[in-house]
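Both backbone and side-chain heavy atoms feed into the values below; hydrogens, waters and symmetry mates do not. Remember, it's 1-based here, ligands and their atoms both numbered in the order they're listed. Quick caveat: nothing in here was measured; it's all calculated off a predicted structure.
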Amino acid sequence: MRLRLPRERPTSPPRGFKLANPVLSEDCGRIGFTGVSIGGAQPYGVFDEARCMYGRRHRCPALRCDCGFYCLHTFAEALALARVGTHRRAAILEVTVLGAYIRFERGMRYARQRVRVARIGPCGCGLPPEVFVDAGWGRTGWRALAGACKGCAAGRGEVSFEDFVRIGGGRLRVLPGHREGPAEAAADPGGAARGVPEPAAEAGVMQARLDRLQGQLGRLTGGT
Ligand SMILES: [Zn+2]
Ligand SMILES: [Zn+2]
């Protein structure tokens with residue numbers, strides 16, 4: 001007996017939410033995002049395809065691997081993660097999930113994505129962000145950006161939200177702060193994070209464990 005996941009045929013691509021840090025290439029010619037958990041070493045673009053982070057030659061999301069993009073189903077869950085410890089200043093991305101995906105209780109692991117909206121985290125002083133400044137760290141060829149208010153940004157290398165969008169090809173929306181848009185607010189009145197337990201681990205790692213469990217179940221039941 002093979003363990004088979006139910007097949008879904010959505011009429012439109014699923015939507016998801018995730019945390020990421022905005023990045024700008026050293027030559028200022030490209031923008032991207034880098035994840036806050038596994039796979040965070042490799043920045044991805046506004047539209048991008050997942051590559052196996054272990055360098056294995058299979059398509060993501062492979063069942064026996066934990067590679068691929070990850071997202072959570074709801075803005076509220078992403079916001080709850082953003083309020084935990086070190087992720088307060090990360091951006092909350094709204095993405096369209098494209099290609100093959102594996103659905104979990106709280107999120108998805110999948111092949112391709114388009115970033116539609118980036119909600120930029122608050123300035124270190126707590127005020128809403130107005131521009132990007134150099135976050136003080138980076139990846140090879142990339143520097144990370146953080147949202148800052150005009151006052152705190154003074155004298156530091158600024159990148160406007162408009163320039164970030166333009167460099168990214170113009171189809172991305174950048175919004176200040178971790179607020180939900182009207183559509184999500186209507187669907188979830190009375191507070192985004194209410195009722196969401198604070199996760200002990202990052203969603204990506206948790207989902208990777210779930211996936212391993214699923215793989216083990218497949219072996220136990222004779223699946224391939
Ligand atoms: Zn893989
Ligand atoms: Zn500030």
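Annotation: salt bridge (charged side-chain N to carboxylate O under 4.0 Å, His left out) contacts involving residues 164-176, sequence neighbours excluded, comprise Asp163-Arg166.
Placement of Phe164 and Val115 within a single hydrophobic cluster is found when ILVMFWY residues are connected by side-chain heavy-atom separations under 4.5 Å, directly or transitively.
Taking CG from Leu93 and SG from Cys71, the interatomic distance works out to 10.5 Å, rounded to the nearest 0.5 Å. Atom NE2 in His178 sits 10.0 Å away from atom CZ in Arg89 (nearest 0.5 Å).
For Phe69, the ring-ring contact (aromatic ring centres under 6.0 Å, His included) partners two or more places apart in sequence, or in a different chain, are Tyr44, Tyr110.
Excluding water, every protein N/O/S atom under 2.8 Å from the Zn ion (ligand 2) is given here by residue and atom: Cys123 SG, Cys125 SG, Cys149 SG, Cys152 SG. Near-neighbour remark for the Zn ion (ligand 1): protein N, O or S atoms under 2.8 Å are Cys52 SG, His58 NE2, Cys65 SG, Cys67 SG; waters not counted.
In terms of heavy atoms, Pro13 sits closest to Val97 at CB-O, 3.3 Å. The minimum heavy-atom distance linking Pro129 with Phe161 is given by the pair O-CE1, 3.8 Å. Shown here for Cys67 and Ala62, the closest heavy-atom pair between the two residues is SG-N, 4.1 Å.
Of the N and O atoms on the side chains of Arg15 and Thr96, not one donor lies less than 3.5 Å from an acceptor on the other residue.
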